[in-house]
Structure formats: C-alpha cells, structure tokens
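Please read the structure below before turning to the comments.
Treat the numbers as computed from the prediction; the structure is a model and nothing was measured.
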Amino acid sequence: MPLEAVSVVKKLQEMRDGGYLSDPIMREAVIQIEKSDPKYDWVGVYMYNPDEKTLWLHNYVGEPTEHAKIEIGQGVCGTAVAEAKNQVVNDVSKVENYLACSPSVKSEMVVLIRAGDEILGQIDIDSRKKDAFGDEDQDAVQRIADKIADVLVAERREA
Ligand code: SME
C-alpha cells in the first residue's frame with residue numbers, strides 16, 4: 001500500500017497535541033514512512049546545521065550508514081540543500097558525487113523540510129529498486145516534511 005500522508009500527518013499532529021516534542025515526532029515519521037511501502041529500504045531525517053554547513057543524521061530505519069554527517073554540496077543530500085531543491089535520483093550510479101550507504105541502493109529521493117525559504121532539514125529515502133520514486137511519493141513525503149516543519153517552528157516559538 002502506498003504511503004498515506006494524511007493519516008501519518010494526523011498521527012504526528014496528535015503526538016504534538018499530546019505534548020510530544022519534535023524528536024519523537026520525527027522518529028515516528030521515519031518509522032511510518034519506512035513501513036508504508038516495501039520499496040522504501042532506508043528512511044532517515046537529516047537536520048541542517050547552518051553554522052557548520054552540514055547535515056547531521058537525526059534518526060533512521062534501515063542499514064547502518066557511515067554518513068552521519070554530510071557537507072552541503074556533497075551527495076544527493078548535500079545537493080538538495082545547495083540547490084534548495086528536492087532530489088529524485090532514479091539511478092544513483094549516474095551521480096558523480098554520490099555517497100553510497102549500501103551497494104544495493106539503486107534510487108534515492110530527498111525531500112526538504114523547510115519553513116518558507118529556510119531549510120531546516122530533509123527526509124532521505126533509499127530504494128534497492130531503480131526508478132522507485134515518482135511524483136506521488138514526493139507529494140506524500142512532502143506533506144509529512146511540511147508537518148515536521150510546522151512542529152519545529154512552533155517549538156522554536158515556545159523556547
Ligand atoms: N546517499 C546519500 C547519503 C546518505 S545515505 O543514502 C543514508 C547521498 O548521496 O547524499
């Protein structure tokens with residue numbers, strides 16, 4: 001069954017209303033995305049640190065990765081921030097500066113978590129299938145990323 005963004009967003013909002021902070025909410029988002037579709041083999045949230053110009057891995061489901069920190073401009077993840085644009089790579093072997101997590105990964109999608117022009121982080125998904133990601137995947141994951149952005153911005157206001 002494909003990812004049902006509406007029900008995931010609802011669940012995340014319920015957590016927020018129930019007093020949970022952004023960390024467990026981002027963990028739940030990753031768990032829900034990963035279990036929604038067998039083609040999502042690795043799902044993680046990276047947060048952007050604008051002072052260091054790096055992405056740091058907040059949480060993930062899937063094989064362990066060496067890429068707990070990624071510089072802006074590096075790999076698919078760092079390119080998404082450098083270009084301020086979601087990335088859909090249908091064949092990772094064609095990406096020159098690709099940062100491989102596992103040799104079995106064939107395609108990858110990065111969806112930014114942003115508040116207006118400000119990039120807060122991203123949801124990164126790897127698949128062992130080529131051409132795994134289409135517009136529907138991107139739209140669904142974007143809704144979840146937007147909900148995470150709402151939670152992060154609201155939490156910042158309360159701090
Ligand atoms: N492949 C990513 C690195 C992160 S891993 O997929 C977990 C990239 O090229 O940026």
Side-chain angles (χ1 to χ4, degrees), residues 1-9 11-12 15 22-115 118-149 151-152:
M1 206 164 74
L3 176 58
E4 284 191 32
V6 175
S7 61
V8 177
V9 165
K11 171 128 205 226
L12 302 183
M15 288 179 75
S22 54
D23 281 343
I25 290 173
M26 290 194 280
R27 177 65 182 157
E28 185 64 24
V30 163
I31 289 169
Q32 293 294 333
I33 294 169
E34 196 275 339
K35 77 174 191 193
S36 71
D37 199 317
K39 72 182 178 182
Y40 299 159
D41 291 302
W42 189 99
V43 181
V45 165
Y46 282 94
M47 301 304 290
Y48 177 44
N49 179 336
D51 299 325
E52 279 189 13
K53 300 249 179 305
T54 53
L55 288 158
W56 58 275
L57 184 54
H58 176 277
N59 88 89
Y60 68 94
V61 174
E63 281 181 33
T65 174
E66 298 175 349
H67 305 296
K69 266 176 113 182
I70 297 175
E71 285 179 30
I72 300 320
Q74 289 297 303
V76 183
C77 295
T79 300
V81 178
E83 295 181 358
K85 235 175 108 216
N86 292 348
Q87 306 286 311
V88 176
V89 177
N90 283 318
D91 180 357
V92 297
S93 70
K94 306 263 158 61
V95 177
E96 244 176 55
N97 64 354
Y98 185 64
L99 304 172
C101 276
S102 150
S104 57
V105 171
K106 299 283 189 310
S107 54
E108 177 158 358
M109 177 171 74
V110 172
V111 173
L112 291 168
I113 300 168
R114 59 199 306 171
E118 189 190 355
I119 294 173
L120 304 174
Q122 59 184 222
I123 298 173
D124 178 24
I125 309 181
D126 288 346
S127 180
R128 293 192 195 109
K129 274 179 63 182
K130 260 193 196 174
D131 290 313
F133 304 104
D135 288 347
E136 269 184 30
D137 299 272
Q138 193 178 165
D139 291 349
V141 174
Q142 186 70 66
R143 283 175 192 233
I144 295 168
D146 291 348
K147 174 48 69 182
I148 290 173
V151 168
L152 289 167

4.5 Å side-chain heavy-atom contact, R27 and V61: yes
Closest non-hydrogen atom pair, K85 against L112: N-CD1, 3.4 Å
H67 side chain near Y46 side chain, heavy-atom distance below 4.5 Å: yes
Step-by-step side chain to side chain contact (heavy atoms under 4.5 Å, CB included) determination, L55 to N49: CA-CA 6 Å; L55 288 158; N49 179 336; over 6 Å; no
K147 side chain near I144 side chain, heavy-atom distance below 4.5 Å: no
Exercise: identify the closest heavy-atom pair between R143 and A5: CD-CB, 3.7 Å
From F133 atom CZ to K39 atom NZ, the distance as rounded to the nearest 0.5 Å: 7.0 Å
Pair up each side-chain donor or acceptor in residues 69-81 with any protein partner under 3.5 Å, not counting sequence neighbours, and list the distances.
from: K69; atom 1: NZ; to: E52; atom 2: OE1; distance (Å): 3.2
from: T79; atom 1: OG1; to: G75; atom 2: O; distance (Å): 2.5

Residues that D146 engages under side chain to side chain donor-acceptor pair (under 3.5 Å), provided they are two or more places apart: Q142
Test side chain to side chain contact (heavy atoms under 4.5 Å, CB included) applied to I33 and I125, step by step: CA-CA 9 Å; I33 294 169; I125 309 181; 3.8 Å; yes
Can you give the donor-acceptor pairs under 3.5 Å from side chains of residues 101-111 to other protein atoms, not counting sequence neighbours?
from: S102; atom 1: OG; to: S104; atom 2: N; distance (Å): 3.2
from: S102; atom 1: OG; to: S104; atom 2: OG; distance (Å): 2.7
from: S107; atom 1: OG; to: K129; atom 2: O; distance (Å): 2.5
from: S107; atom 1: OG; to: A132; atom 2: N; distance (Å): 3.3
from: E108; atom 1: OE1; to: Y98; atom 2: OH; distance (Å): 3.1

Over 12 foreign heavy atoms within 6.0 Å of CD, E136: no
Side chain to side chain contact (heavy atoms under 4.5 Å, CB included) between V45 and Q122, intermediate numbers included: CA-CA 6 Å; V45 165; Q122 59 184 222; over 6 Å; no
From CD1 (I123) to NE2 (H58), nearest 0.5 Å: 11.5 Å
M47 side chain near M26 side chain, heavy-atom distance below 4.5 Å: yes
Side-chain donor or acceptor of D37 paired with backbone N/O of P2 under 3.5 Å: no
Donor-acceptor under 3.5 Å (D137 side chain, G134 main chain): yes
D135 atom CG, over 12 foreign heavy atoms within 6.0 Å: no
Donor-acceptor side-chain pairing of D124 and Y60 below 3.5 angstrom: no
Heavy-atom side-chain proximity of D23 to N59 below 4.5 angstrom: no
Flag side-chain contact, heavy atom, 4.5 Å: L120 against Y48: no
Min side-chain heavy-atom separation N90-K130 under 4.5 Å: no
Nearest heavy-atom neighbours spanning I148 and A29: CD1-CB, 3.9 Å
